[in-house]
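For reference, the structure is listed below as structure tokens.
All values derive from a computational prediction rather than experimental measurement. Within every chain, numbering begins at 1; the chains are lettered A, B, ... in the order of the sequence lines, protein sequences first and strands thereafter.
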Protein chains: 2
Amino acid sequence: MTDDENTTTAGRIAEAIGERIISGELQPDAPLRQDHIAREFNSSHVPVREAFRQLQAQHLVVAVPRRGVRVAPLNINSVKEIAEMRAALEVVALRNAAPKLTSSHLARIELALIEGDTAQTIQEFEMANRAFHHALVAPCAMPRLLASLDGLQLANSRLVFAMARSSGWRPRSNQDHRLILQALRARNVDQACSLLARHIQTIERLALSSS
Amino acid sequence: MTDDENTTTAGRIAEAIGERIISGELQPDAPLRQDHIAREFNSSHVPVREAFRQLQAQHLVVAVPRRGVRVAPLNINSVKEIAEMRAALEVVALRNAAPKLTSSHLARIELALIEGDTAQTIQEFEMANRAFHHALVAPCAMPRLLASLDGLQLANSRLVFAMARSSGWRPRSNQDHRLILQALRARNVDQACSLLARHIQTIERLALSSS
DNA sequence: TCATTATAGATTATCTATCATAAACGGTTG
DNA sequence: CAACCGTTTATGATAGATAATCTATAATGA
């Protein structure tokens, strides 16, 4: 999904722990003890510490010196923050990606859309959702922007899973997605951008109202 | 400047190396050997590796497994990318900060403006520039957004120092800053936001035309 | 008595030192 | 050009030291 092979031990550990945090298997504020994790992954504490730094940069854990690392807390304000950041950045990315969109890109976007339609579990739906938004902006070829958006998408997924767990809330956004694809096919970039911004803000509003 | 005391060895190393990269003392693509750095800071290689991960997250170095770490390259495309990201995110931050701006906030913004006027070296000017933009958005109280903007400001400073070094280019933006402060004093948030966005894009255009 | 403080022991993070392994680089030679 | 070899280097393991934190118990004072 992400991209790199993660040939290094620290990278593998960071990915595994990160998935647990996003899925909700690791609860907010849960302490992460480096020696336990090292034992679990048959490694020493050195790669674990490196993995912690990586997760810290993704805002998935918080570290306080001499007191170790905990799963980052989940507060309601971050829903709004992440939505606003995503709305602003995805529009920039889409505006830069749109002129470079080929028919094969459009096909990939539509594929993610269909996968969202046929998704049975919320995990499958969220994976398709990530794939859609990623395919939408990937052609912009702005690596730093794409990395930021990947991080925001992961944080967003974490919030979605947490809300699904606590209140059975389930996002429905494929109709929005379909309209965005339609606007792009019609080469109407302005409309696609405004639909995208509205779409992301709508998700935020739904999430906040259901809490 | 940043905020934390950096009581940990890895944090100190990351900060020191980061400053060298931003100032241009460490050239793009220069290899960073962990054992050399460990000797320099009287530490072992373990904290150095943690510092590398932190710098990697800031996009100041690139790491390829089994081949170590190098100073991140400086390419002309990243000027545009960083400017577009900053313009989009700073506007979001300012819009959220504006309603919370007190007179003491405004005084702090003006202080940074004056420091920019009296700056003698480009280092002083850039420090005042960072202080201005930071003071402008800090009251928004969105930690993730502020962290992103800090990273983008650092990347921007690195570009400024590199261009000052290669072509004697020197940014002049205090007039823009003054107009933004004026609009905020008049409680004209929309105008302040549009001035800010235009300001950041103008810097990008100047930079690209002088290269 | 009850609440607060002090203290001792266990746990844990942080870092050092040394070693082992493997990959990459540089040169030489077939 | 390609195969080989030694050096350098990244990566990780292991053992141990230090210091900070936590916990539980004991002591003190109101």
Side-chain angles (χ1 to χ4, degrees), chain A residues 2-21 25-73 147, chain B residues 2-21 25-73 147:
Chain A
T2 41
D3 49 338
D4 49 354
E5 289 291 340
N6 256 339
T7 163
T8 149
T9 309
R12 270 195 306 272
I13 295 175
E15 194 171 346
I17 302 290
E19 275 173 18
R20 289 184 204 169
I21 294 173
E25 181 185 337
L26 282 171
Q27 298 277 321
D29 281 315
L32 299 177
R33 311 272 170 59
Q34 60 183 11
D35 287 353
H36 297 189
I37 295 174
R39 250 192 304 277
E40 178 186 345
F41 288 91
N42 286 317
S43 77
S44 71
H45 69 100
V46 181
V48 177
R49 296 181 60 78
E50 288 179 52
F52 282 171
R53 290 279 176 167
Q54 186 171 325
L55 294 166
Q56 190 180 6
Q58 297 179 270
H59 300 102
L60 291 177
V61 304
V62 291
V64 5
R66 292 271 165 199
R67 288 184 61 178
V69 163
R70 289 175 171 272
V71 176
Chain B
T2 41
D3 50 336
D4 51 353
E5 289 292 340
N6 256 338
T7 163
T8 152
T9 309
R12 271 196 305 273
I13 295 175
E15 195 172 345
I17 302 289
E19 276 173 18
R20 288 184 204 167
I21 295 173
E25 181 185 337
L26 281 172
Q27 299 276 323
D29 281 314
L32 298 177
R33 313 276 167 61
Q34 60 183 11
D35 287 353
H36 297 188
I37 294 173
R39 250 192 305 277
E40 178 187 345
F41 288 90
N42 286 317
S43 78
S44 67
H45 70 100
V46 181
V48 176
R49 295 182 60 78
E50 286 180 52
F52 282 171
R53 289 282 176 162
Q54 186 170 326
L55 294 166
Q56 189 182 5
Q58 298 179 270
H59 300 102
L60 290 177
V61 305
V62 290
V64 5
R66 293 272 167 197
R67 288 183 61 177
V69 164
R70 290 175 170 271
V71 177

Phosphate OP1/OP2 of D:dG12: any B:R49 side-chain N/O under 4.0 Å: yes

Among C:dA23, D:dA19, C:dT12, the nucleotide that comes nearest once only the side chain of A:H36 is considered: C:dT12

Short side-chain N/O contact from A:T8 to OP1 or OP2 of D:dG12, under 4.0 Å: yes

Distance, nearest 0.5 Å, that separates CD of A:E50 from CZ of B:R49: 4.0 Å

A:R33 vs C:dT12: side-chain N/O to OP1/OP2 distance below 4.0 Å: yes

Spacing of B:D35 atom CG relative to D:dT9 atom C1', expressed in whole Å: 7 Å

Spatial distance of atom CD (A:Q54) from atom CD (B:Q56) [nearest 0.5 Å]: 7.0 Å

Spacing between A:R66 atom CZ and C:dC15 atom C1', to the nearest angstrom: 8 Å

Quiz item: A:H45 side-chain donor-acceptor pair to D:dG12 base, under 3.5 Å: no

Integer-rounded Å distance: C:dA13 C1' and A:E50 CD: 16 Å

Length of the line joining A:R39:CZ and D:dA15:P, which is rounded to integer Å: 13 Å

Side-chain N,O (B:T9) to OP1/OP2 (C:dC15) below 4.0 Å: yes

Distance in angstrom units between B:F41 CZ and C:dT16 P, rounded: 12 Å

Short side-chain N/O contact from B:R67 to OP1 or OP2 of D:dT11, under 4.0 Å: no

side-chain N/O A:S44 vs D:dT14 OP1/OP2, d < 4.0 Å: no

Atom-to-atom span, CD of A:Q34 to P of D:dT14 - whole angstrom: 15 Å

Working for side chain to side chain contact (heavy atoms under 4.5 Å, CB included), residues B:L55 and B:V69: CA-CA 10 Å; B:L55 294 166; B:V69 164; over 6 Å; no

DNA chain D: 5'-proximal contact among B:V69 and A:V46 (nearest heavy atom): B:V69

Distance in angstrom units between B:Q54 CD and C:dT14 P, rounded: 13 Å

Value rounded to 0.5 Å, distance of CD in B:Q34 from NE2 in B:H45: 6.5 Å

Nearest non-hydrogen partners of A:I21 and A:L60, listed with the distance: CD1-O, 3.7 Å

